[in-house]
Amino acid sequence: MAMIFEEINILRRHGKQFVPDLRSAVLPGIFRGRPVISGDITQAEAETVALLCPVGAIAVNSGKNRSDQAVCSLDLGKCVFCRECEFSLPGKIQFTNDHKIASNVRERLIVSSGLEQPVSVDPLLVRREIRSLFKHALKLRQVSAGGDNAAEMELNACGNVNFDMGRYGIEFVASPRHADGLVITGPITQNMAEALQICYNAVPSPKMIILCGSDAISGGIFSQSSALNREFLRRISVDLYIPGNPPHPLTVINGILDLL
Amino acid sequence: MTDKRYIEIVTNPGTVKLEDIPVLEYTDFVTFLDLVMGEEGTHCVAYFVLPQPGYYRFICCMAADENHALLVFSHIQHIDPALSLPSITAKHFQFHVFEREMHENFGIDFAGHPWLKPVRYPFDRADQSQVMNNYPFYSIDGEQLHEVGVGPVHAGIIEPGHFRFICHGEQVLHLEIQLGYQHRAIERLFVERSGILQQSVLAESIAGDTVIGHALAYAAAIESLAGITVSKNLSVERIIALELERIAVHIGDTAALCTDIAYQFGQVVNEALRTIIINTTQLWCGNRFGKGLIRPGGSNYPLKPLVIGEVLKNLKEVEERYLQVTARIFSLPSVLGRFEGTGKVTTMQASLIGAVGMAAKSSGMYRDIRWSHPFSAYGDLLYEPVMLHKGDVWSRAMLRKKEVEKSMAVIRELLKEITNYELRITNDEIVSPNYDLQLAPSSMVVSLVEGWRGEICHVAITDDEGRIVLYKAKDPSLHNWMALALAVRNQEISDFPLCNKSFNLSYCGNDL
C-alpha cells in the first residue's frame with residue numbers, strides 16, 4: 001500500500017507534462033527556426049555569407065534580371081541551422097523561433113530575401129490517398145540511414161509524455177509490414193542503401209515517404225561524402241520534407257499534421 | 001637520463017612536432033609497449049597509420065593514467081601489399097580494434113590476430129570484396145544450436161547495426177556485432193573540408209547524443225594546434241554544457257532501462273525530466289542537443305544571467321524529482337530482479353578489452369579522463385570518478401544515477417566561478433569563435449574528453465603548411481561494443497535489449 005502512495009506522490013510532483021496544444025505551441029527562449037532575410041541585404045553581403053555557410057545553403061542571385069529576383073535565398077533543406085550567417089550579418093538575417101518549416105514541396109524550403117512568408121504544405125499537391133487513408137491513423141516505420149542519431153532521438157521524443165504524437169493517431173511501428181510509410185533520417189550511406197530499399201519494399205502500398213532532417217533531404221554536412229548512395233531518392237517520390245539539425249518534435253508533428 | 005623511446009604529452013590537449021615522435025624498430029616498439037602495458041592504468045587511446053610517400057608511419061598514443069600523461073611513439077613500415085606484422089592483439093587484446101581498423105583501411109596483415117574482422121566497411125577500404133552482406137560471422141556447429149539475426153533495421157527508432165546470436169535454447173552462447181551501416185566518411189571529410197566552421201559542424205555530427213563531447217574534443221584540438229588558450233569563463237561554460245549533456249543522456253537512459261523491463265512509470269517520469277534538461281540547453285543556445293554551442297576560439301552563446309538562473313532552477317527541480325523516482329526504481333523487487341546480476345562484465349574482462357568510461361567504471365576500473373587527463377575547467381576541479389564494481393546492468397544503471405548527482409554538483413560549483421556577465425563585457429572578455437586560426441605545421445595534437453559514455457579521443461595531424469592531413473575521431477563506443485558482446489554471454493536472449501540499453505553505445509560514433 002505504502003508503495004502505491006509513493007508512486008502517487010511522484011506523479012503528483014510530476015504534474016501534467018504534455019504540451020496541450022501542439023499546433024500553436026511557442027518555443028520559449030531562443031530557438032533556431034525559420035530564418036528571415038531582410039530585403040535590403042546587398043549582393044556583397046550575400047556573397048560573404050554564401051561563402052561562410054558550411055553547407056552551401058545560401059545562393060546569391062546575380063545577373064541582369066536581378067530587379068525582379070531576390071538578392072539571395074537560403075535553402076532550409078541544406079541548412080544545418082548553425083546561425084553563423086546571422087552572426088555575420090546581424091539585422092539582415094535572423095533565425096526566428098518559428099518551428100513550422102516542413103513542406104511537401106522541395107522549393108518551398110527555400111527562403112528568399114525580402115519575402116517573409118511561412119513555410120507550408122501545398123494542399124493541392126498532397127496525394128489523395130494520403131488524406132483519404134491516413135488522416136485518422138498513420139503508422140510509420142523509421143529507417144536510420146547514416147545520420148548522427150539526433151533526428152532519431154527527436155523522433156522518439158515525438159511519442160513521449162511531452163509531445164504525445166499518439167493523440168493524433170500517429171505512431172511509429174516496429175515492422176515495415178505494419179507501416180503506412182517510411183520516415184528516413186540520415187544522408188543514406190552506401191552501406192545502408194540496400195537495407196533501406198528492402199525496408200521500403202516491405203511496406204504495403206500505398207505508402208508515403210518522409211525525409212526527416214537536413215542530412216536526409218540534401219545530405220547536409222555530409223553532402224560531399226564519398227560514402228553516400230542516394231539513388232533510392234531518385235526512384236521514389238517524397239511526400240514530406242522536414243528540415244532541421246535535428247528537426248524539433250514540434251516541427252515533425254506539425255509537418256505531418258499539415259500533410260494529413 | 002630521459003628515455004628516448006617515447007615523447008611524453010603532459011597537457012590535454014597536447015601538441016607535439018611530428019619529428020619529435022620517436023621512431024622505433026617494430027621489435028623495440030613491441031618491447032616498449034609490453035613495458036608500458038605492464039604498468040597500472042595504462043591503455044591505448046589511439047594507434048593508427050599516417051600514410052606517407054612510400055611508407056606507413058604507425059603512431060601509438062598510450063595513456064598513463066597514474067602519471068596523468070600520454071606516451072607517444074611510432075614505427076615505420078615500407079608500403080608493401082604483403083606487409084605483415086606480428087599482432088600486438090595476441091598479447092594485449094585491447095589493441096584488437098586498432099589493428100582491425102588498419103587491416104581494413106590499408107590491407108596490412110597482423111599475424112596472430114585472433115579476430116581480424118571488418119570494423120565499419122569504409123568506402124575506401126583496401127578489400128572492396130568485403131561487403132555488408134558477406135561479414136565472416138563466427139559459427140558453431142551443433143544440432144541443438146540455432147542462430148538469431150537482428151537488424152540492421154531494428155524494432156525501435158534506433159540506428160542500424162546487425163546482431164548475430166548463437167543460442168542454445170534461450171541462452172546466448174555468443175554474440176557478434178556487425179557495424180558500418182552509418183559510415184559516412186567523417187574522418188575523410190575533416191581533411192577534405194578544410195574550413196574550421198565546416199569541421200566544427202562535422203565534429204558535432206559524429207554522434208548526436210555526444211554533440212558537446214565531440215565538439216569540445218575538436219575545438220580543444222584546434223586551439224592547441226593554433227597555440228591559443230581560451231578564457232577561464234569559456235572553459236567553465238564548456239564543462240557546464242558537457243555535464244548538462246551527461247545528465248540529459250543518463251536520465252534518458254534511466255527511462256529507457258525502465259522501458260526495457262516494461263516499467264512504464266519509471267519511463268515516463270524520466271523522459272519528462274530529460275526534456276527539462278535538453279530544453280535548458282535549447283534555452284541557452286537554441287538547439288536541444290547543444291549544436292552550435294561549442295566552437296574554437298570563442299563562443300556565440302556566452303552564459304547570460306537569465307540562462308544561469310534557468311539552469312539552477314531546472315537542476316533543482318530535476319534533481320529532487322530524479323532522486324525521488326530513482327529511489328523508487330532501485331527499491332522495487334521487480335526492477336532489481338531484472339537489473340541485478342544481468343549482463344555482467346568482470347573487471348578482468350573490462351581491463352582486457354580496454355573498456356572506457358561507464359563500461360569501465362561500472363566494472364570496477366578506475367578510468368575517467370576528467371580525473372586522469374583533466375581538460376578545460378577540470379584542470380582545477382580535482383574530479384573523483386564515481387565507481388561501482390559488479391559490472392552488471394544494475395551497476396550501469398546506478399552509475400548513471402550517481403553521475404547525474406555528481407554532474408549537478410559540478411555544474412553548481414562551476415556556476416559560482418563564472419564572472420558576472422556585465423563585468424565580462426566590460427573586460428572585453430567575450431569573444432566570438434575564430435574560424436581563421438593558423439595551425440602549427442607538421443604537428444600532431446591529441447585531445448581527450450570524458451563524454452557521458454567515456455573517453456573521446458581526437459587526433460589531428462598537419463602538413464608543413466598547417467593543413468589537416470589526417471583526422472582520427474574516436475568515440476568510446478569503439479572499445480565498448482566488445483563489452484556488450486561479452487555481457488550477453490550465457491544470458492537469456494530476452495535480456496539482450498536490457499543489456500544493450502545499459503551500455504547505450506553509438507553506432508554512428510563507431511562507423512564515422
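Order of the sequence lines sets the chain letters (A, B, ...), proteins ahead of strands, with each chain counted from 1.
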task: Fit a plane to each ring of B:Y507 and B:H154, take the angle between them on a 0 to 90° scale, and name the class: parallel (under 30°), tilted (30 to 60°) or perpendicular (over 60°).
output: tilted
message: If we define contacts as heavy-atom pairs under 4.5 Å, which of B:T275, B:V268, B:I206 has the most with chain A?
response: B:T275
- prompt: Heavy-atom distance under 4.5 Å to chain B: side chain of A:F31, backbone, both or neither?
  reply: both
message: Nearest 0.5 Å, please: how far is CG in B:L189 from CD1 in B:I186?
response: 7.0 Å
field: Structural part of B:Q199 lying under 4.5 Å from a heavy atom of chain A
entry: neither
- prompt: Residues two or more places apart in sequence or in another chain: which of them pass side chain to side chain contact (heavy atoms under 4.5 Å, CB included) with B:R164?
  reply: B:F137, B:E147, B:H162
message: Looking at chain A, which one of B:K291, B:E192, B:Q198 has the largest number of heavy-atom pairs inside 4.5 Å, strictly under?
response: B:K291
- prompt: Does CD belonging to A:E194 count more than 12 external heavy atoms closer than 6.0 Å?
  reply: no
query: With respect to A:R34, which candidate in A:T96, A:N97, A:T251, A:D98 satisfies the side-chain hydrogen bond (donor to acceptor under 3.5 Å, both in side chains) definition?
result: A:D98
Residue B:D511 versus chain A: region with a heavy atom under 4.5 Å: neither
- line: Of B:L197, B:L283, B:V211, the largest count of non-hydrogen pairs under 4.5 angstrom with chain A goes to B:L197
Side chain to side chain contact (heavy atoms under 4.5 Å, CB included) against B:C285, all qualifying residues, sequence neighbours excluded: A:R32, B:T281, B:N287, B:L293, B:Y301
message: Please rank B:M132, B:R184, B:E159, B:E317 by heavy-atom pairs under 4.5 Å with chain A and give me the top one.
response: B:R184
message: Regarding B:D127 and B:S129, do their side chains bring together a donor and an acceptor under 3.5 Å, going by distance alone?
response: yes
- prompt: Do B:N314 and B:T280 pass the side chain to side chain donor-acceptor pair (under 3.5 Å) test, and can you show the C-alpha distance, the side-chain angles, and the key distance before you say yes or no?
  reply: CA-CA 8 Å; B:N314 292 342; B:T280 310; 2.9 Å; yes
- request: Give a yes or no on whether the ring-centroid distance for B:Y121 and B:Y181 is below 6.0 angstrom.
  value: no
message: Could you tell me if A:R83 and B:N300 have a donor-acceptor pair between their side chains, going purely by distance under 3.5 Å?
response: no
Chain B contact via A:V183 - side chain, backbone, both or neither, heavy atoms under 4.5 Å: neither
query: Roughly how far apart are A:Y241 OH and A:L76 CG, rounded to 0.5 Å?
result: 13.5 Å
query: Can you say whether A:L196 sits under 4.5 Å from chain B via the side chain, the backbone, both, or neither, judging by heavy atoms?
result: neither
field: Side chain, backbone, both or neither of A:N160 within contact of chain B (heavy atoms, under 4.5 Å)
entry: both
statement: When the 4.5 angstrom heavy-atom criterion is applied to A:A193 and chain B, the contacting part is neither
- prompt: What residue in A:H248, A:E84, A:Q142 has the most heavy-atom pairs under 4.5 Å with chain B?
  reply: A:E84
- request: For the pair B:W481 and B:F163, name the ring-plane relationship: parallel under 30°, tilted 30 to 60°, perpendicular over 60°.
  value: tilted
Contacting moiety of B:R120, where chain A heavy atoms sit under 4.5 Å: backbone
message: Within a 6.0 Å radius of atom CD on B:Q264, are there more than 12 heavy atoms belonging to other residues, nucleotides or ligands?
response: no
task: Flag the one option from B:A185, B:A272, B:G292, B:G156 with the top tally of heavy-atom pairs under 4.5 Å to chain A.
output: B:A272
message: So if I take each residue of residues 163-171 of chain A and look for any heavy atom under 4.5 Å from a heavy atom in chain B, which residues do I end up with?
response: A:F163
- request: Pick one of side chain, backbone, both or neither for A:Q224, based on which atoms fall under 4.5 Å of a heavy atom in chain B.
  value: both
Chain B interface, residue from A:N162, A:I198, A:V173 that has the most non-hydrogen pairs under 4.5 Å: A:N162
task: Under 4.5 Å heavy-atom distance to chain B, tell me which part of A:D215 shows up: side chain, backbone, both or neither.
output: neither
Region of A:S226 that comes under 4.5 Å of a non-hydrogen atom in chain B: both
task: Carefully, step by step, assess B:Q267 and B:E271 under the rule side chain to side chain donor-acceptor pair (under 3.5 Å).
output: CA-CA 6 Å; B:Q267 176 200 338; B:E271 274 178 355; 3.2 Å; yes
task: Quick one: pull up CD1 in B:I329 and OG in B:S331 and give me the separation to the nearest 0.5 Å.
output: 9.0 Å
message: Using a 4.5 angstrom heavy-atom cutoff, name the option from B:S205, B:C508, B:P152 with the most pairs to chain A.
response: B:S205
- line: If one checks every heavy atom of A:E152 against chain B at 4.5 Å, the contacting part turns out to be both
message: Looking at chain B, which one of A:P28, A:S225, A:G244, A:A145 has the largest number of heavy-atom pairs inside 4.5 Å, strictly under?
response: A:S225
- prompt: Taking everything shown except A:R235 itself, do over 12 heavy atoms lie less than 6.0 Å from its CZ?
  reply: yes
query: Who wins among A:P176, A:A174, A:G186 for the most heavy-atom pairs under 4.5 Å with chain B?
result: A:A174
- line: The complete set of ring-ring contact (aromatic ring centres under 6.0 Å, His included) pairs with one or both residues in residues 172-203 of chain A, sequence neighbours excluded, reads A:Y200-A:F232
